[in-house]
Amino acid sequence: MLPEKNRRQLRMIIEQELEKLESSLESLRDQTQPIPPDGTMGRLSRIESMAQMETAENLLARASRRREQLRAQLEKMNSPDYGICARCHQPIPLERLKAVPDAVMCVPCIEAATRRR
């Protein structure tokens, strides 16, 4: 189990990351607004705008998933298994959790899982 000092530090990191995500999500939502068909832009501009909108939609989906993962980690933070690798059940190093606060596996386990794919 992580010491309370480390939990507070990680909670602050997650909360800061969530604030940044909320700001990004707002901007991305603006970029995914439908393009009116009766606009005065040319055909190429419309195609470019649609491609940009599709990219923004993909980024919005990824940012939304990330937000949910971070929120789940905030909820889990008070449980004894926060910071424990889901695969080997060993503590995830604090430095990894600082870099990736929603990590559920240690680096060796994530690398092993990636190699198997």
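Source: prediction; values computed, not measured. One is the number of the first residue; the rest follow in order along the sequence.
- Distance check: Glu15 CD to Leu10 CG gives 11.0 Å after rounding to the nearest 0.5 Å.
- Leu28 forms part of a hydrophobic cluster together with Leu25, Leu59, Leu60, judged by ILVMFWY side-chain heavy-atom separations under 4.5 Å.
- Around the CD atom of Glu54, the shell of radius 6.0 Å holds no more than 12 heavy atoms that belong to other residues, nucleotides or ligands.
- Scored by the side-chain hydrogen bond (donor to acceptor under 3.5 Å, both in side chains) test, Asp81 finds Ser79 as partners (sequence neighbours excluded).
- Residues satisfying the salt bridge (Lys or Arg N to Asp or Glu O under 4.0 Å) test with Glu19, not counting sequence neighbours, are none.
- Looking only at atom types and distance, the side chain of Arg11 has no donor-acceptor partner in the side chain of Asn6 under 3.5 Å away.
- Gln31 pairs by the side-chain hydrogen bond (donor to acceptor under 3.5 Å, both in side chains) definition with Ser27, not counting sequence neighbours.
- The distance from atom CZ of Arg67 to atom CG of Asp102, rounded to the nearest 0.5 Å, is 14.0 Å.
- Taking all atoms of both residues into account, the shortest heavy-atom contact from Pro101 to Leu70 is CG-CD2, 4.1 Å.
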(message) Working note: Met12 + Gln16, criterion side-chain contact (heavy atoms from CB on, under 4.5 Å); need CA distance, chi angles, decisive distance, verdict.
(response) CA-CA 6 Å; Met12 189 172 60; Gln16 288 171 349; 3.9 Å; yes
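- The salt bridge (Lys or Arg N to Asp or Glu O under 4.0 Å) test applied to Glu68 returns Arg71, not counting sequence neighbours.
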Could you pull out all donor-acceptor pairs under 3.5 Å where a side-chain atom in residues 84-100 meets a protein atom, sequence neighbours excluded?
from	atom 1	to	atom 2	distance (Å)
Arg87	NH1	Cys109	O	2.9
Arg96	NE	Met105	O	2.9
Arg96	NH2	Met105	O	3.2

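- Within the model, atoms CD of Glu17 and CD of Gln69 stand 10.0 Å from one another, a figure rounded to the nearest 0.5 Å.
- The CE atom of Met50 sits 9.5 Å away from atom CD of Glu57, with the distance rounded to the nearest 0.5 Å.
- Counted within 6.0 Å of CD on Glu4, heavy atoms from surrounding residues, nucleotides or ligands total more than 12; the atom is thus considered enclosed.
- By the criterion of side-chain heavy atoms lying less than 4.5 angstrom apart, applied directly or through intervening Ile, Leu, Val, Met, Phe, Trp or Tyr residues, Ile14 is grouped together with Leu2 in one hydrophobic cluster.
- In this structure, CZ on Arg66 lies 8.5 Å from CG on Leu18, to the nearest 0.5 angstrom.
- The shortest heavy-atom contact between Gln73 and Tyr82 is NE2-CE1, 3.3 Å.
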